[in-house]
Student: 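One structure, pasted below without further comment.
In this text the structure is predicted, and so the values were computed from the model without any measurement.
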Amino acid sequence: MTGKTQLGDFLQSRRSQLSPEDVGVPTYGERRRVPGLRREELALLAGVSASYYTRLEQGHSQGASSEVLDALAGALRLDESERRYLHGLAQVDRRRTRGRRPAPERVAPATRQLLDVMGDVPAIVLGRRTDVLAWNRLGHALFAGDLDPGAPGVPEQRPNMARLVFLDSHVRDLYADWPDKARAVVGNLRLVAARHPEDAALHTLLGELSAKSAEFAALWADHRIKACTVATYAMRHPLVGPLTVVQQTLSSGPGPVVVVATTAAGSPSRAALALLAQAVGPTAAQDGPLPERTAPHGGRLTAPERAWPVPGPGAGVI
């Protein structure tokens, strides 16, 4: 996957998603063999020659100016995130960097301290490829309680959230609107791939997901861009039932980010999260089934819900 191919694919994909009617281009009732705008129509809207745009889309022209890229972004009706992405692809094309495997990502001591003090807030630390580098007890229980709580501590066993969203049935079932979550994951990976074209491990992950998930492959080909900074998700947790969380990404610059999940004060979701915190707190049994508890909607938790794995008192911050 090269920067040149990404740029051409992105332009072609967005051009095909715009109809003449969307941008006021007359068609005079003619029948079209392919959907979307023609190259010459987009070039006219952007104020560049059709031959130049064709070379740019086919990857035969490098070094497009910022003015040309902004004109193309306007013609394609890109939003601000997509416009920045377009500029990033052009820069990647100029650098033509070789693929390499970057150094392993690590969690800073200050970040581990942050996880430690956020005992009542589910939190996980994600690397740029969405590898789980660490999580607190509640973050593990909310997002991936079926996995070994110590997995992030072993680089070869670290869970990857993108892989889990598309290939793990438990995580897939967590999200009531799974397609929305899937689009967010792919849109964010698009941004990462543009920023780090030299990351061979990232391209390996993208190839694996494309091969194993037709849904991922279709979303990746769609070239949608989405920065996952704040998003609201309805979840269906097997232990405490339905809850709605706001997932927020906390970042202090390059490097791993902390993703936290919060709930509205006084809401049933806050009660469900409190129940989950009780279940995985220091007083929870390390071995054996969970005691029966009252579900947020009333009544008792079912037997399958009580069988949800519970990390022991030593799980804490990985």
Side-chain angles (χ1 to χ4, degrees), residues 1-25 35-97 128-130 162 180-199 202-203 206 216 218-231 247-255 257:
M1 183 183 300
T2 65
K4 179 167 61 179
T5 299
Q6 288 188 68
L7 177 61
D9 285 349
F10 182 69
L11 290 172
Q12 190 279 329
S13 173
R14 287 313 173 89
R15 178 173 60 83
S16 69
Q17 294 169 12
L18 274 181
S19 69
E21 293 78 13
D22 290 335
V23 292
V25 173
L37 292 177
R38 292 168 176 161
R39 286 173 177 160
E40 57 269 23
E41 292 170 338
L42 180 58
L44 181 62
L45 289 171
V48 299
S49 70
S51 59
Y52 174 75
Y53 174 77
T54 299
R55 293 196 304 273
L56 191 64
E57 188 175 292
Q58 292 179 342
H60 301 316
S61 179
Q62 300 176 20
S65 68
S66 296
E67 291 77 14
V68 167
L69 294 173
D70 284 337
L72 288 171
L76 290 169
R77 298 192 171 185
L78 304 183
D79 62 24
E80 182 59 25
S81 294
E82 294 165 334
R83 187 191 67 80
R84 290 196 300 267
Y85 178 75
L86 178 64
H87 280 263
L89 290 182
Q91 293 174 6
V92 166
D93 195 17
R94 298 185 190 107
R95 292 196 301 266
R96 300 176 65 86
T97 51
R128 70 187 185 202
R129 295 180 293 271
T130 74
D180 182 53
K181 179 63 177 179
R183 287 191 295 270
V185 169
V186 174
N188 186 64
L189 283 176
R190 271 277 172 205
L191 291 171
V192 175
R195 296 189 191 110
H196 303 283
E198 77 289 351
D199 191 334
L202 173 62
H203 297 313
L206 298 176
F216 178 90
L219 288 170
W220 187 258
D222 193 47
H223 285 263
R224 296 291 178 181
I225 311 303
K226 184 173 184 179
C228 299
T229 53
V230 180
Q247 293 185 18
Q248 302 183 61
T249 300
L250 312 179
S251 174
S252 58
V257 300

Student: Given Leu72 and Leu56, is the side-chain contact (heavy atoms from CB on, under 4.5 Å) satisfied, shown in steps?
Tutor: CA-CA 11 Å; Leu72 288 171; Leu56 191 64; 3.6 Å; yes

Student: Decide side-chain contact (heavy atoms from CB on, under 4.5 Å) for Arg224 and Leu219; before the verdict, give the C-alpha distance in whole Å, the side-chain angles of both, and the deciding distance to 0.1 Å.
Tutor: CA-CA 7 Å; Arg224 296 291 178 181; Leu219 288 170; over 6 Å; no

Student: Between Val185 and Phe216, is a side-chain contact (heavy atoms from CB on, under 4.5 Å) present by the stated rule, with each step listed?
Tutor: CA-CA 9 Å; Val185 169; Phe216 178 90; 5.6 Å; no

Student: Going by distance alone, is a donor N or O of one side chain under 3.5 Å from an acceptor N or O of the other, for Arg128 and His196?
Tutor: yes

Student: Where is the tightest heavy-atom contact between Leu86 and Leu69, given as atom of each residue plus distance?
Tutor: CD2-O, 3.5 Å

Student: For Arg14 and His223, indicate whether the former's side chain and the latter's backbone hold a donor-acceptor pair under 3.5 Å.
Tutor: yes

Student: So, the side chain of His203 versus the backbone of Pro197: is there a donor-acceptor pair under 3.5 Å, distance only?
Tutor: yes

Student: Look at the aromatic rings of Phe10 and Tyr85 and report parallel, tilted or perpendicular, splitting at 30° and 60°.
Tutor: perpendicular

Student: Using modelled atom types only, decide if a donor and an acceptor are shared between the side chain of Thr130 and the backbone of Ala162 within a distance under 3.5 Å.
Tutor: yes

Student: Which residues satisfy the side-chain contact (heavy atoms from CB on, under 4.5 Å) test with Glu40, sequence neighbours excluded?
Tutor: Arg38, Ala50

Student: CD/Gln58 to CD/Gln12 distance, rounded to the nearest 0.5 angstrom?
Tutor: 11.0 Å

Student: Out of curiosity, Glu57 CD to Leu42 CG, how far, rounded to the nearest 0.5 Å?
Tutor: 8.0 Å

Student: Do Ser13 and Gln17 get their side chains close enough for a donor-acceptor pair, meaning under 3.5 Å?
Tutor: yes

Student: For the side chain of Arg15 and the backbone of Leu37, is there at least one donor-acceptor N/O pair under 3.5 Å apart?
Tutor: yes

Student: Taking Thr249's backbone N and O only, do any of them form a donor-acceptor pair with Thr229's side chain (distance below 3.5 Å, no angle check)?
Tutor: no

Student: To check you understand the geometry: which heavy-atom pair defines the closest contact between Ala46 and Ala71, and what is its length?
Tutor: O-CB, 3.3 Å

Student: So, taking the atom named CG in Leu206 and the one named CZ in Arg190, what distance separates them when rounded to the nearest 0.5 Å?
Tutor: 8.0 Å

Student: To the nearest 0.5 Å, how far apart are CG in Leu44 and OG in Ser49?
Tutor: 11.5 Å

Student: Flag the pair Glu82 and Arg77 as a salt bridge only when some basic side-chain nitrogen lies within less than 4.0 angstrom of an acidic carboxylate oxygen.
Tutor: no

Student: Is there side-chain contact between Asp79 and Ile225, with heavy atoms separated by less than 4.5 Å?
Tutor: no

Student: Considering non-hydrogen atoms only, spot the tightest contact between Leu191 and Ser81 and give its length.
Tutor: CD2-O, 4.5 Å

